[in-house]
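Note sheet for the following structure.
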Amino acid sequence: MNVQSIPLYIFLSPFISAIFIPFFYKKKYAAHFIAALGLVGSAYFSLQGLANVQNGEIIHHFLGGWTPPFGIEWRMDAFSAVMTSMVSILALVVIMATRPTVESEIHHSRLSYYVIVLLHVAALMGMILTRDLFNLFVFLEVSSLTGYALIATGDSQRGNVSSLRYLFIGTIGASFYLLGVGYLYAATGTLNMGDLAARLPEVAASRTVLIGIILILIGLLIKIGLFPFHGWLPDAYTYASNSASALIAPLMTKVSIYAFVRIFFGVFGFFALRELHLSTILIALASIAVIAGAVMAFVQTQFKRMLAYSSISHIGLILLGFALDNPTAFMGSVLHILNHALMKAILFIIAAAAFDQYGVKDIYDFSRFRGKMPYTLAAFSVAALSMIGVPPLCGFFSKWYIVVGAFEAGQFWVAGLILFSSLLTALYFFRVIEQAFFQQHSPARKQEEAKPPMVVSAVLLSVTLFVMGWFAPSIFRWGITYLYPIGS
Amino acid sequence: MVEFLGLFNYGAALFLILIGIFAMIVYQNLVRKIIAMTLLQTGVILFYVTLAFKWDSLIPILPHTDHHMPINVDLYANPLPHALMLTAIVVGVSTLGVALVLTISVFRQYQTLEEDEIIDALRLESAETPRRRSTTGASS
């Protein structure tokens with residue numbers, strides 16, 4: 001296999017599978033099977049790529065053979081390999097897990113559902129791999145468009161309204177991003193990230209560049225869903241069909257954060273972080289997000305809505321780590337991207353299982369599960385404890401490194417804030433745990449476990465949380481060497 | 001005068017963008033919001049096309065014969081922003097399509113295009129479902 005083409009294969013395997021699905025419209029399970037096949041291919045090539053770049057090598061791929069300043073460059077380094085592996089493997093697990101809920105929720109458009117899922121994953125792969133600012137915009141929009149479609153799936157009509165609102169906000173974000181790229185292009189005459197990073201210092205002081213950076217910042221923060229720009233997120237996660245939210249929630253905002261890091265660390269570098277006091281602004285916004293998200297999560301009664309606000313809180317935490325601007329916090333945040341994606345996948349799969357089996361949406365109805373779904377609830381407890389940050393689980397390590405990074409940066413109150421947010425996380429998750437384990441509801445003791453695919457994948461993922469916790473220190477050490485210096 | 005006309009185009013682009021954002025925020029009607037969204041996107045496209053423009057320049061197509069002659073770049077408009085904007089227009093059209101489809105399905109459900117009425121209907125819906133405790137900010 002040609003190593004140079006691995007980035008292309010990672011993108012093409014879900015993309016081509018998406019094209020092939022409509023040909024098999026007569027077979028009942030063909031769509032699901034082909035989707036799984038495409039994601040297996042993507043995961044295989046991602047792991048191949050990870051094996052090839054694990055010692056700091058970089059795979060370049062020039063689309064059409066045009067070299068960087070003129071053509072579009074796709075590049076795979078340690079960070080992008082980790083991200084593509086995570087996205088493809090998690091998407092595969094979620095697809096396998098949600099097969100029963102897709103059948104019960106999506107009646108007449110199951111085929112197009114899988115096509116959209118594959119296009120969504122392919123666009124996320126493109127966002128991760130590309131090194132061209134305009135190419136990134138195109139993939140951002142493709143992933144958002146498929147995201148709007150996924151949110152509107154399902155029978156709930158509210159999904160349409162929240163999808164439409166997300167579309168309005170998301171389009172403003174994308175237009176801001178595009179306008180910012182236009183300003184940078186006007187100042188430097190290039191769109192390639194590496195080239196831009198090389199040319200930016202000459203013109204760094206100009207107002208054009210400054211406005212461009214601010215516009216890109218606002219656009220990306222809207223897509224990420226950091227606190228003051230988070231308006232679309234809770235509704236989108238809550239009213240999407242359970243299958244779709246299990247896919248969107250772990251992946252979409254994480255990949256946007258990756259794009260943010262790529263641009264603001266890889267291209268603008270320390271210029272943006274120090275000269276524009278971006279670090280201070282981001283720390284302030286992210287700190288508010290961490291606390292506000294947790295407090296809002298605490299007052300929700302719907303399980304999925306609580307998870308959505310918890311996502312806002314953890315997105316804040318991840319950006320806080322990046323904004324602290326030192327290797328330890330940076331790697332802590334990278335680890336937290338991975339861990340949080342894993343945990344959110346488990347929790348949303350469990351939300352899907354709870355609704356599928358008992359029609360439960362509300363936290364206070366979780367008491368019905370007592371003694372009925374032991375494996376699902378065990379997986380839930382592991383994920384919840386990991387969200388809180390209990391030591392043997394991986395959630396502890398990523399928070400630990402971010403806190404250590406905060407101490408290294410001398411921001412002691414940030415460290416205190418993160419610990420306080422863990423306390424709030426414990427509060428809102430223990431509300432659910434209390435309902436599920438300690439409330440006497442019905443005497444019925446018959447076990448009615450959720451459908452096998454969901455239980456198996458939830459349990460599998462929660463075992464992965466232990467494994468990630470075990471390997472977190474070594475991933476951390478590896479990442480400090482090969483992943484932190486992402487400057488292009 | 002020439003300088004002023006050059007800036008005029010940027011001003012127009014910025015004006016379109018600001019009008020678009022303003023109308024998206026102010027108007028309650030979903031179709032008006034969609035029109036405003038298109039204005040916003042058109043403003044960005046105008047901005048890019050203006051970037052490519054040079055006074056007294058030709059379309060960027062080289063004559064077939066003189067490939068070995070040095071090319072005077074100032075004679076031709078910059079082709080790259082145009083190529084980019086083709087893609088951006090396609091993205092904008094697909095966004096418009098998705099927005100219209102969603103609006104149609106929202107209209108079928110609630111029989112109205114006014115956002116405040118839809119929000120009222122949503123409040124009513126969530127009030128009908130029994131809850132043990134009141135939710136805060138559930139339907140906003």
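Within every chain, numbering begins at 1; the chains are lettered A, B, ... in the order of the sequence lines, protein sequences first and strands thereafter.
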Of A/V142, A/T171, A/V138, the largest count of non-hydrogen pairs under 4.5 angstrom with chain B goes to A/T171
Measuring from B/L40:CG to A/F176:CZ, what's the distance to the nearest 0.5 Å? 7.5 Å
Would you say B/Y27 has more than 12 foreign heavy atoms packed within less than 6.0 Å of its OH? no
Heavy-atom contact with chain A under 4.5 Å, split by part of B/L30: both
B/L84 and A/F134 have their tightest heavy-atom pair at O-CZ, 3.1 Å
Is the count of non-hydrogen atoms from other residues, nucleotides or ligands lying under 6.0 Å from B/F53 atom CZ greater than 12? yes
Begin from the C-alpha positions of A/V181 and B/Y48 and carry the test side chain to side chain contact (heavy atoms under 4.5 Å, CB included) through to its verdict. CA-CA 10 Å; A/V181 172; B/Y48 267 81; 3.6 Å; yes
Out of curiosity, A/Y183 OH to B/L51 CG, how far, rounded to the nearest 0.5 Å? 9.0 Å
Is it the case that over 12 heavy atoms from other parts of the model lie below 6.0 angstrom from the CZ atom of A/F15? no
d(A/L167 CG, B/T95 OG1) to nearest 0.5 Å is 6.5 Å
Where does B/A88 contact chain A at under 4.5 Å (heavy atoms): side chain, backbone, both or neither? both
Hey, could you give me the CD/CD1 distance between B/Q41 and A/I172, rounded to the nearest 0.5 Å? 10.5 Å
How long is the span from the CZ atom in B/F47 to the CG atom in A/L178, to the nearest 0.5 Å? 9.5 Å
Largest heavy-atom contact set with chain A, pairs under 4.5 Å, which of B/G92, B/A121, B/P81, B/A36: B/P81
Is it the side chain or the backbone of A/Y148 that comes within 4.5 Å of chain B heavy atoms, both, or neither? side chain
Could you state the interatomic distance from CZ (A/R165) to CD1 (B/I119), rounded to the nearest 0.5 Å? 4.5 Å
Okay, A/Y185 and chain B: the region with an atom under 4.5 Å from a heavy atom over there is side chain
Indicate the atoms forming the closest heavy-atom contact of B/L102 with A/S163, along with that distance. CD1-OG, 3.2 Å
Residue among B/K33, B/Q109, B/M24 with most heavy-atom pairs under 4.5 Å to chain A: B/Q109
